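Here the structure is a predicted model, which means the values were calculated and not measured.
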Amino acid sequence: MKKRLFALLSCVVLAASSIAGCSGSKPAETQAAAPAETTAAAGAETTKAPEAAPASGDTKIALITMDSIDQHWVTLNEGAQKAAGELGVTVTFMSPNTKDDAQQIECVNNAVAGGYKAIIVAANGPDAISSALKEAASSGVKIVYVDSPANVDAEATFSTDNEAAGKTAGEEMIKALEAAGVTSGKIGIVNVNAATDSTVKRENGFRSAFEGKGYELMETQYGEGDAAKSQTIAENYITQGVVGIFGCNEGSTTGTGNAIKASGNSAIIGVGFDKSDAIMNLINDGFLLCTMAQNPDVMGAEGVKAAVAALEGQSLGGKVQDTGVSVLKK
């Protein structure tokens, strides 16, 4: 009897562990149906005329981002929930706690199993998640991309022109360096990984700004978007005498700014991506020059409108829409 009870408890623990990978703010015991769930009440007051026709209140759309922690994704979800309220649909925020391909794939599979009609996704690894998205699409689920696409056809994509924004980041760094009389030196780059489409394009754009200049761009180092890991990478760059460091996303930028702050060398030019309270504080305190602020709320709202339009039978033709970027300085 004891052996049977132990085996039963072991199965329960294993099941709970598999669910926790695709999680967020809800307690573990309520995550099986809707991990990291945030929903908008159907029939919320409309503040402006939606671009898509109101859908049935039982229409379920999954929003799956790279993680559920970064302020970028939190803001994207807020935009999605606002549009969901206007259109009378349910959007469930079901994202991993950390950037992890396997956990994001699990979220996609959970959405399909849960009967979601559309999936709005920001792909962590465009190749890794592709098989899961193809299976979802083959079962009739509509796919819409926000921020970072995968290598599977979708109804529409709403993201920053990352290569152009990365080039702008590079140009801002060059202007600041030249204004300080620094026309040569090493430049470090802290990226998330070598696969994420959006951050790879940002790096490419950043590097292109330095073509023909007298600076040495060092080999890129990857911190998985984690602020602490990114800070360690930036600190290593600083020991090698860099004159500037570029952070490719929120965690990379925060880590870069913290490393410059810890070094006491505010002459190092730090430039980054995304907006958060931590990043803005580092800019205001002089440890970062600027950040490329995206519009994640627009991505989320437009993603929901596109998903609803697709579910209503409209053909969006796989359109790609630039949601814009602003340079934020002190």
Student: Calculate, to the nearest 0.5 Å, the distance between atoms OG and NZ belonging to S139 and K134 respectively.
Tutor: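 S139 OG to K134 NZ: 14.5 Å, rounded to 0.5 Å.
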Student: Distance from T220 atom OG1 to N193 atom CG, nearest 0.5 Å?
Tutor: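 Rounded to the nearest 0.5 Å, the OG1-CG separation comes to 11.5 Å.
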Student: Count the heavy atoms of every other residue, nucleotide or ligand shown that sit under 6.0 Å from CG of N265, and state whether that count exceeds 12.
Tutor: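 Yes, CG of N265 has more than 12 neighbouring heavy atoms, counting only those of other groups under 6.0 Å.
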Student: Evaluate the side chain to side chain contact (heavy atoms under 4.5 Å, CB included) criterion for residues F158 and V144: first the C-alpha distance (whole Å), next the side-chain angles of each, then the deciding distance (0.1 Å), finally the verdict.
Tutor: CA-CA 8 Å; F158 301 93; V144 174; 4.1 Å; yes
Student: Taking Q71's backbone N and O only, do any of them form a donor-acceptor pair with E250's side chain (distance below 3.5 Å, no angle check)?
Tutor: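 Yes.
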Student: Please answer whether the main-chain N or O of N236 pairs with a side-chain N or O of T239 as donor and acceptor at a distance below 3.5 Å.
Tutor: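 Yes, because the side chain of T239 sits within donor-acceptor range (under 3.5 Å) of the backbone of N236.
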Student: Looking at side-chain heavy atoms only, is the closest gap between L63 and N77 below 4.5 Å?
Tutor: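 Touching, per the 4.5 Å side-chain cut-off.
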Student: Does the side chain of I233 reach to within under 4.5 Å of the side chain of Y222, using non-hydrogen atoms?
Tutor: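 The answer is no, as the side chains (C-beta and beyond) never meet within the 4.5 Å cut-off.
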Student: Just by distance, do the side chain of S95 and the backbone of T65 share a donor-acceptor pair under 3.5 Å?
Tutor: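 Yes; at least one donor-acceptor contact below 3.5 Å.
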Student: Report yes if some heavy atom in the side chain of T90 is under 4.5 Å from a heavy atom in the side chain of T59; otherwise report no.
Tutor: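 Contact flag for T90/T59 side chains = no.
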Student: Taking all non-hydrogen atoms of both residues into account, name the closest pair between P296 and H72 and its distance.
Tutor: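 In terms of heavy atoms, the two residues are closest at CB-O, 3.4 Å.
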Student: Can you list the steps and then say if V327 with M292 is a side chain to side chain contact (heavy atoms under 4.5 Å, CB included)?
Tutor: CA-CA 5 Å; V327 179; M292 306 299 109; 3.9 Å; yes
Student: In Å, rounded to the nearest 0.5 Å, how long is the span from NZ of K60 to CG of L311?
Tutor: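 With rounding to 0.5 Å, NZ (K60) is 13.0 Å from CG (L311).
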Student: Would E171 and K175 pass as an ion pair if we require N to O under 4.0 Å?
Tutor: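 Looking at K175 together with E171, the answer is no, because their closest N to O distance does not fall below 4.0 Å.
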Student: Testing the basics here: between K186 and M218, what is the closest heavy-atom pair and its distance to 0.1 Å?
Tutor: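 Distance-wise, the nearest heavy atoms are CB-SD, 3.8 Å.
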Student: Rounded to the nearest 0.5 Å, what separates atom SG in C290 from atom CE in M173?
Tutor: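 With rounding to 0.5 Å, SG (C290) is 8.0 Å from CE (M173).
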Student: Please tell me if the side chains of V146 and L76 come closer than 4.5 Å, counting only heavy atoms from C-beta onward.
Tutor: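 Side chain of V146 against side chain of L76, heavy atoms only: contact under 4.5 Å found.
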Student: Mind running side chain to side chain contact (heavy atoms under 4.5 Å, CB included) on L328 and M280 for me, showing each step along the way?
Tutor: CA-CA 8 Å; L328 300 184; M280 294 311 299; 3.9 Å; yes
Student: Is any side-chain heavy atom of T256 closer than 4.5 Å to one of Y237?
Tutor: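 Side chain of Y237 against side chain of T256, heavy atoms only: no contact under 4.5 Å found.
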Student: When you compare the side chain of K275 with that of T75, does any pair of heavy atoms fall below 4.5 Å?
Tutor: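 No - every pair of side-chain heavy atoms lies 4.5 Å or more apart.
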Student: Do T196 and K99 have side-chain heavy atoms sitting under 4.5 Å apart?
Tutor: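 Of all side-chain heavy-atom pairs linking K99 with T196, none is under 4.5 Å.
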Student: Identify which one of D147, N249, N204, N191 satisfies the side-chain hydrogen bond (donor to acceptor under 3.5 Å, both in side chains) criterion when paired with T199.
Tutor: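 So the option named by the test is N191.
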Student: Hey, can you tell me if F246 and F206 have their rings parallel, tilted or perpendicular (30° and 60° cut-offs)?
Tutor: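 Answer is parallel, since the angle falls under 30°.
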Student: Strictly below 4.0 Å, N to O, side chains only: are E86 and K82 in salt-bridge contact?
Tutor: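 Looking at E86 and K82, the cut-off is met.
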Student: Is there a donor-acceptor pair closer than 3.5 Å between any side-chain N or O of Q81 and the backbone N or O of G300?
Tutor: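 Looks like no, no N/O pair under 3.5 Å.
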Student: CG of L217 to OG of S208: how many Å apart, nearest 0.5 Å?
Tutor: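 OG of S208 is found 10.0 Å from CG of L217.
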Student: Quick one: CG on D70 to OG on S276, what's the gap to the nearest 0.5 Å?
Tutor: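 Separation between the atoms: 8.5 Å.
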Student: For a 4.5 angstrom cut-off between non-hydrogen side-chain atoms, does Q294 reach N162?
Tutor: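 When only atoms from C-beta onward are counted, N162 and Q294 do touch, with a gap below 4.5 Å.
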